[in-house]
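Here is the structure we will look at, set down as structure tokens.
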Amino acid sequence: MDDIGILPSFPFAASTLMLVGAILLFGLAAGELVTRLFRLPRITGFVAAGLLLGPDVSGVLDSAVLSELSIFADISLGLILFELGRRLNLRWFVHDPWLLASSLGESLLSFLFVYASLRFFDLEPLYAATAAAIAMATSPAVLIMIVNEQRAKGPLTERMMALTALNNVYAFLLLALLFGFVHLEHSAGGLRVVLHPLYMIAGSVGLGFLAFVIARTFARWLGKREDAQFAMLLGLIVGTVGCAISFNLSVLLALLAFGVFAKNLDRNHDLMAVEFGPGAQFFLVMLFVITGAGLQPSELAIAGLIGAAFVAARLAGKMLGIVLFAPLSGLARSKAMLLGVGMVPMSAIAVVMVQGASALYPEFGARLSAIVLSAVVILELVGPLATQWALRRSGEAAPQSGSGA
Amino acid sequence: MTLEFSHSAPLTVGIELELMILSTHDWNLMRGAEDLLRLIEKEGHAGDIKPEITESMIEISTSVHTDCAAMLAELRGMRDIVVRNARRLNLAISGGGAHPFQHWSEQRIFPKERFVRLHEMYGYLAKQFTVFGQHIHVGIGSGDEAIYLLHLMSRYMPHFIALSASSPFSQGADTAFDSSRLNSINAFPLSGTMPFVADWNEFNAYFDTMRDLKVVESMKDFYWDIRPKPEYGTIEIRVCDTPLTVERAVLLGAYAQALARHLTLDRPRQPSQDVYRVYSYNRFTASRYGLEAGFIDAYTRERRSLREDIAATLAEVAPHAQALGCASAIAEIDGLLKTGQTDCGWLRETYAKTGSLGSVVRLQSELWAGAQRNPTPS
């Protein structure tokens with residue numbers, strides 16, 4: 001009747017942008033609070049904020065909204081994986097083969113320990129193996145975030161990054177292989193068993209390589225201008241993430257490969273070392289809040305003891321593997337312990353992996369998710385603390401501002 | 001208490017080099033001295049490879065040499081050990097007088113008591129002191145001889161500054177200086193030159209006074225450009241930037257040795273206060289302009305180019321270099337004067353070619369590890 005068209009109709013619909021702004025501010029505030037009150041890492045606050053907002057607790061963010069927001073999480077993961085890949089100097093493994101041994105050791109032992117403990121709880125071998133493969137991976141996001149927040153620099157930090165990049169690759173390859181068996185289990189066609197893993201691996205690495213070739217050509221044309229190269233890389237990272245999703249490839253492998261190629265194949269050093277700086281904070285906060293919202297503490301009750309056993313076995317495997325091998329690669333034994341602790345955060349990418357499995361075979365995914373997701377709940381909250389402690393203890397974290405300067 | 005001047009074989013020479021420890025990721029300075037030293041110790045090379053004030057610095061020192069070829073062989077061996085072990089830790093090592101873009105506030109101090117005390121005393125200066133120098137020890141028979149040689153050597157410090165200069169960039173910018181490192185040293189209260197004492201007794205009296213006044217605790221607290229080192233029985237030249245290669249470092253050592261032989265055997269002049277009157281001026285122009293600097297000869301009161309003065313000195317010391325078996329080193333320095341291919345010039349050229357200081361540091365570390373001097377156009 002007297003609708004003059006300039007006022008919004010009531011009740012107004014919350015736009016996505018309003019939500020994004022609110023999430024960012026809420027997450028940031030929660031991060032600050034846990035740091036100031038409890039001296040916990042900010043990430044723990046971001047994740048806790050997400051948990052509170054998520055469907056399992058208050059339901060402010062329901063799954064529809066979450067899938068709309070997942071674009072931010074995808075971009076952040078792209079940035080993080082590229083950064084991690086770019087820190088992986090492959091020549092290091094030539095100069096110090098023991099590093100590769102300790103990487104294989106910690107991954108293999110955490111796989112075996114988790115597999116054995118799940119088998120102890122009478123889980124079928126295929127489920128146990130899939131969960132154990134997921135357990136191998138350390139969270140790149142948590143690691144990069146804590147390293148940036150603590151301004152950590154040093155040999156221990158470098159090793160954490162290298163081992164994390166590698167154990168994510170192992171986890172992915174093993175999962176791709178296991179998916180083949182899942183196909184078999186569900187009596188899919190014989191060709192699919194082989195083709196699916198092959199497509200995922202070759203396709204993702206190929207996509208990463210393509211992105212690298214474009215980046216290098218583009219960079220030569222742009223010249224050594226940091227701002228221009230920054231925008232170019234950002235565009236390529238986002239584009240590559242998008243392509244990986246569209247083509248059903250692995251975001252993890254494609255972006256990691258992009259980073260590794262950029263570090264190791266750019267012989268003329270056309271690509272500059274670009275720091276993503278404070279701008280990246282936006283994406284990181286979004287990533288962790290969204291991750292938190294995706295956590296399902298209710299799974300804890302269902303998984304119960306198995307979830308706890310999973311966490312304990314994983315920790316034992318990682319610690320043992322690193323303590324056995326790392327000292328052979330020039331790390332002091334005391335630091336090897338810290339390295340093991342630093343590798344505790346479990347990848348929220350595990351969530352994505354489980355979702356991948358659920359999409360293919362819902363029943364398979366559901367059985368897996370209770371175990372893995374309950375472990376993710378525990379480790380998302382405890383993991384950042386472990387990494388932060390390890391970096392501070394080693395002396396590689398920058399001294400806290402205001403103390404002693 | 002008097003300082004006892006140990007006897008050492010005259011005209012022997014030894015070199016200490018402070019080196020950068022670098023990240024192979026962003027080519028900034030990186031903590032790593034502790035792990036690196038632990039690996040090196042396992043190979044049985046403790047002692048001559050030591051930590052320095054910050055954890056991103058390591059020092060290598062040669063044994064005492066009479067022959068510069070033997071010194072070069074030893075230094076190459078040490079370089080290879082350090083580089084090999086650094087690679088195992090994913091670190092890189094390089095020469096150069098200052099890191100081109102590190103920020104001083106990011107430096108952390110090596111947790112050794114003396115260094116922690118220095119940091120308390122000097123505050124940010126101790127961290128800004130993250131510069132990398134070459135020290136040359138020349139053996140001398142007695143304290144009195146040391147004082148004589150030191151006063152005569154002072155005239156030649158600009159030569160060593162210009163020939164070694166390798167720190168044109170600092171805190172991410174071209175400083176316009178060939179050796180910006182020297183400016184970092186000037187800030188310390190006990191930098192500069194030794195007072196004009198006549199002999200070892202007079203020096204001891206001076207040292208006792210300073211110690212009684214609690215200005216210093218030991219000889220280590222003097223940051224002079226040349227200082228006597230009584231416990232080694234040497235004088236120590238400290239103005240040089242760490243060169244980009246061990247070969248250059250040995251050239252400087254050989255030059256110092258030949259010059260010392262010339263000054264102690266030929267006795268061309270007497271110590272003069274005039275040298276110290278023009279000292280800061282000569283030192284400044286050498287650090288600013290390198291080989292292109294002007295030079296005031298305090299004895300003849302003439303002004304000439306530093307290049308000319310070095311060339312003339314090379315001619316004077318050539319027979320002594322011959323006698324010491326290092327004639328080739330003097331010839332090489334002479335060639336360097338003509339081509340002007342200084343380390344500082346290499347750094348500026350490399351920056352002009354690559355457009356990024358990160359690339360400069362990367363190529364600098366490759367040069368240190370033994371790569372060819374002419375940079376590939378990358």
Side-chain angles (χ1 to χ4, degrees), chain A residues 83-99 147 151-159 161-162 219-220 222-226 229 259 263-264 266-275 326-336 394-399 401 404-405, chain B residues 21-43 55-56 83-92 101-103 105-111 116 119-120 123-124 127 350-363 366 375-378:
Chain A
E83 167 79 7
L84 190 68
R86 216 177 167 177
R87 283 169 170 264
L88 198 65
N89 177 9
L90 295 181
R91 274 153 92 188
W92 191 4
F93 303 112
V94 178
H95 294 304
D96 185 13
W98 282 112
L99 183 66
V147 165
R151 289 182 292 132
K153 248 194 135 185
L156 192 74
T157 311
E158 299 257 299
R159 268 160 218 271
M161 302 251 193
R220 270 185 203 155
L222 287 172
K224 292 271 169 75
R225 283 158 48 213
E226 204 168 342
Q229 289 214 4
K263 167 79 189 175
N264 294 279
D266 182 21
R267 301 220 184 282
N268 291 327
H269 299 268
D270 295 309
L271 291 166
M272 297 182 76
V274 168
E275 299 232 357
L328 294 170
S329 82
L331 198 68
R333 201 165 285 274
S334 58
K335 282 200 178 170
S394 70
E396 292 190 8
S401 50
Chain B
I21 301 176
L22 303 161
S23 154
T24 54
H25 170 59
D26 58 10
W27 302 102
N28 206 332
L29 288 175
M30 167 106 158
R31 304 149 48 85
E34 218 175 324
D35 290 86
L36 189 53
L37 285 165
R38 199 167 35 72
L39 284 188
I40 291 169
E41 251 167 53
K42 274 191 198 163
E43 291 199 14
E55 289 198 50
S56 41
V83 167
R84 187 174 64 241
N85 284 294
R87 281 180 178 154
R88 287 184 61 192
L89 296 166
N90 203 21
L91 298 168
F101 60 84
Q102 69 100 15
H103 197 266
S105 67
E106 289 165 6
Q107 278 315 304
R108 296 177 213 161
I109 300 294
F110 198 92
V116 171
H119 186 229
E120 270 169 23
Y124 86 118
K127 287 190 174 183
T350 306
Y351 180 58
K353 274 183 197 156
T354 61
S356 108
L357 288 174
S359 298
V360 172
V361 179
R362 177 173 54 78
L363 292 167
E366 285 172 15
T376 49
S378 63

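Below, read A as the first sequence line, B as the second, and so on, with proteins coming before strands; counting in each chain starts at 1.
The closest side-chain heavy-atom distance from A/E158 to B/M30 is below 4.5 Å. Looking at heavy atoms from C-beta onward, B/L89 lies in side-chain contact with A/R159 at the 4.5 angstrom threshold. At a threshold of 4.5 Å between non-hydrogen side-chain atoms, the residues B/N28 and A/K153 count as touching.
Here CG of A/N89 is found 10.5 Å from CZ of B/R87. Values are rounded to the nearest 0.5 Å. How far CG of A/D270 is from OG of B/S356: 11.0 Å, rounded to the nearest 0.5 Å. Once rounded to the nearest 0.5 Å, the distance linking NE2 of A/H95 with CZ of B/R88 reads 11.5 Å. To the nearest 0.5 Å, atoms CG (B/N90) and CZ (A/R87) are separated by 10.5 Å.
By the neighbour-count criterion of 12 heavy atoms within 6.0 Å, atom CZ of A/R91 is sparsely surrounded, having that number or fewer from other residues, nucleotides or ligands.
Among all heavy-atom pairs drawn from A/P155 and B/G32, the shortest one is CG-CA, 4.5 Å.
The pair B/D35-A/K335 counts as a salt bridge, with a side-chain nitrogen and a carboxylate oxygen less than 4.0 angstrom apart.
Although no hydrogens or angles enter the test, the distance criterion places a donor-acceptor pair under 3.5 Å between the side chain of B/R31 and the main chain of A/G395.
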